[in-house]
Amino acid sequence: MSADSEPTTDGFSAWVSIDGVKLPRYGGKTTVTKGVKTVSCWIASEADKAFEVGWSVPEYPEQLMGNVYIDGTYIDGCVHILGDPKIATLSSKCVSDTVARPLIFSKTEFTDEEAYINANSDNLGEITVEIWVIQLDPRPMAVQDHEPEARPAAKIHEGTAKKAIAHRATFGEEFAIAEYMGYQSGSYKWREMTFVFKYRPREYLQAEGIIPPNPEPDARPPKRAAETPEPSTSEDEEADQNEELRLRQEELRVQKERLEVQKQEMQLQIQKEELRIQAEELRIQLDAVKVKSQRKKVKREPREPRDAPQAASRVKSETANLT
């Protein structure tokens, strides 16, 4: 069964990577339900290995959001603002404003506790990326209300062993992060695309014929040394140079991906600051309106008529004539 590392449909794509390398996907299949495309495939998980989920979206006339689920449990998401970079990655779950936990594959711990019988059993062994069209709320970013308990179950019931869930996608040890930037509230309009990665140990996928078995060692007797000439020095040097070039290209690729992530974070910070300034300008305008309104309501004390002194003089004069 052939493999590729990045399913792409209508310009949308998604992948899972370990150690910076995208995992090959096997048995890719596309289905359409109520007008929504779902691309599913198999990937080989590795116990005790951290992994990263990534996706990209094409140029789109509306705002998009990617949400990541592990075994049916929501982990986190990313909003694609119009004009922003169209690539997003997720390798950890924030459990507070300054602490996160990495996503890792681990060996499954089975239990006979009844509380785990129906714990997201339909989505066990799946990493899902949903792409939604959204409408953002114009209000400024708010502080994230973290929910540390929103995580995949640590154990699964023995009854689910028939699904061969030998590995689980879960969280690793906590580590410190830069202060969480918050989130932009909004509403979902419709789901545009779904990617489902069904993860299993390599041995299971090989036993089921989903991926080819490891190549067997050559059983033929080795050739005599005389029949296998040593490569010349010039060939060795050329091979070394080619390997060096390959490593340099790989390093540049990693640097580019890191730069894209930094650009995303910078643009989100700029947008946050612009929203703060807009909110402050609005508050200033409202305060100015209040001041003008209060000025109109101030009452002035009544003044005496300008001719009051003259009237008093006439009264005094008339009194004098009477005497």
Side-chain angles (χ1 to χ4, degrees), residues 1 3-9 12-18 22-34 36-55 65-78 88-93 101-111 116-132 150-172 191-211:
M1 188 176 292
D4 60 64
S5 58
E6 185 177 332
T8 301
T9 303
F12 297 89
S13 64
W15 60 89
V16 177
S17 59
I18 293 179
K22 295 177 181 178
L23 298 180
R25 68 164 192 141
Y26 301 91
K29 182 174 65 174
T30 300
T31 58
V32 180
T33 303
K34 295 182 179 181
V36 179
K37 288 186 179 180
T38 298
V39 180
S40 60
C41 63
W42 298 89
I43 57 173
S45 53
E46 299 180 42
D48 302 322
K49 281 282 192 177
F51 67 91
E52 181 179 76
V53 183
W55 65 93
M65 179 173 186
N67 289 333
V68 176
Y69 297 81
I70 290 180
D71 298 340
T73 299
Y74 174 75
I75 302 300
D76 210 337
C78 178
T89 58
L90 180 68
S91 59
S92 62
K93 165 68 175 177
R101 299 182 65 181
L103 305 178
I104 64 170
F105 290 119
S106 63
K107 293 182 179 179
T108 299
E109 182 180 353
F110 291 97
T111 180
Y116 292 90
I117 291 180
N118 296 316
N120 292 332
S121 59
D122 292 338
N123 302 107
L124 287 176
E126 294 182 356
I127 299 171
T128 303
V129 178
E130 293 183 353
I131 309 297
W132 287 81
R151 62 185 64 177
K155 305 175 184 178
I156 64 174
H157 195 267
E158 294 173 339
T160 61
K162 62 183 180 180
K163 295 185 70 174
I165 308 298
H167 287 170
R168 295 296 312 281
T170 183
F171 300 143
R191 185 168 44 162
E192 185 69 22
M193 182 71 61
T194 301
F195 296 93
V196 179
F197 298 90
K198 294 179 283 188
Y199 63 89
R200 300 290 189 279
R202 178 173 297 275
E203 296 76 14
Y204 170 83
L205 298 179
Q206 290 175 336
E208 294 295 318
I210 297 173
I211 67 176

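Remark: Thr38 OG1 to Met193 CE distance equals 8.5 Å, nearest 0.5 Å. One distance of note links NZ of Lys49 with CG of Leu23; it measures 10.5 Å at 0.5 Å rounding. How far CZ of Arg25 is from OG of Ser40: 8.5 Å, rounded to the nearest 0.5 Å. Once rounded to the nearest 0.5 Å, the distance linking CG of Asp48 with CD1 of Ile104 reads 6.5 Å. From Asp76, atom CG reaches atom OG of Ser91 across 10.5 Å, with rounding to the nearest 0.5 Å.
Side-chain contact check for Asp71 versus Tyr199: some heavy-atom pair is nearer than 4.5 Å. Side-chain atoms of Trp55 and Ile131, non-hydrogen and from C-beta on, do get closer than 4.5 Å to each other. In this structure the side chain of Tyr26 never reaches within 4.5 angstrom of the side chain of Ile43, judged on heavy atoms. Val196 is not listed as a side-chain neighbour of Val39, based on a closest heavy-atom distance of 4.5 Å or more. In this structure the side chain of Phe12 reaches within 4.5 angstrom of the side chain of Glu192, judged on heavy atoms. Counting heavy atoms from C-beta on, the side chains of Pro201 and Ser45 come closer than 4.5 Å. Between Val16 and Lys22 the shortest side-chain heavy-atom distance does not fall below 4.5 Å. With contacts defined as side-chain heavy-atom distances shorter than 4.5 Å, the pair Val68/Thr128 does not qualify.
Residues Cys41 and Gly28 come closest through the heavy atom pair CB-CA, 4.0 Å. Nearest heavy-atom pair, Ile75 versus Lys93, reported as atom, atom and distance to 0.1 Å: O-NZ, 2.9 Å. Across Ser13 and Trp15, no two heavy atoms sit closer than the pair OG-CZ3, 3.9 Å. Nearest heavy atom pair, residue Arg202 against residue Ala44, reads NH2-CB, 3.9 Å. Among all heavy-atom pairs drawn from Leu90 and Leu103, the shortest one is O-CD1, 3.8 Å. Counting all heavy atoms, side chain and backbone alike, Gly125 lies closest to Arg200 at O-NH1, 3.2 Å.
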Evaluation steps, side chain to side chain contact (heavy atoms under 4.5 Å, CB included), between Val129 and Tyr69: CA-CA 7 Å; Val129 178; Tyr69 297 81; over 6 Å; no
Side chain to side chain contact (heavy atoms under 4.5 Å, CB included) between Tyr74 and Asn67, intermediate numbers included: CA-CA 7 Å; Tyr74 174 75; Asn67 289 333; 3.7 Å; yes
Phe197 and Val53: CA distance, side-chain angles, deciding distance, side chain to side chain contact (heavy atoms under 4.5 Å, CB included) verdict: CA-CA 10 Å; Phe197 298 90; Val53 183; 5.5 Å; no
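Every residue meeting the side-chain hydrogen bond (donor to acceptor under 3.5 Å, both in side chains) condition with Lys37, not counting sequence neighbours, appears here in chain and number order: Asp10.
Using a cut-off of 4.0 Å between Lys/Arg side-chain N and Asp/Glu carboxylate O, Glu130 and Arg191 are scored as salt-bridged.
Ring planes of Tyr204 and Trp42: tilted class, angle from 30 to 60°.
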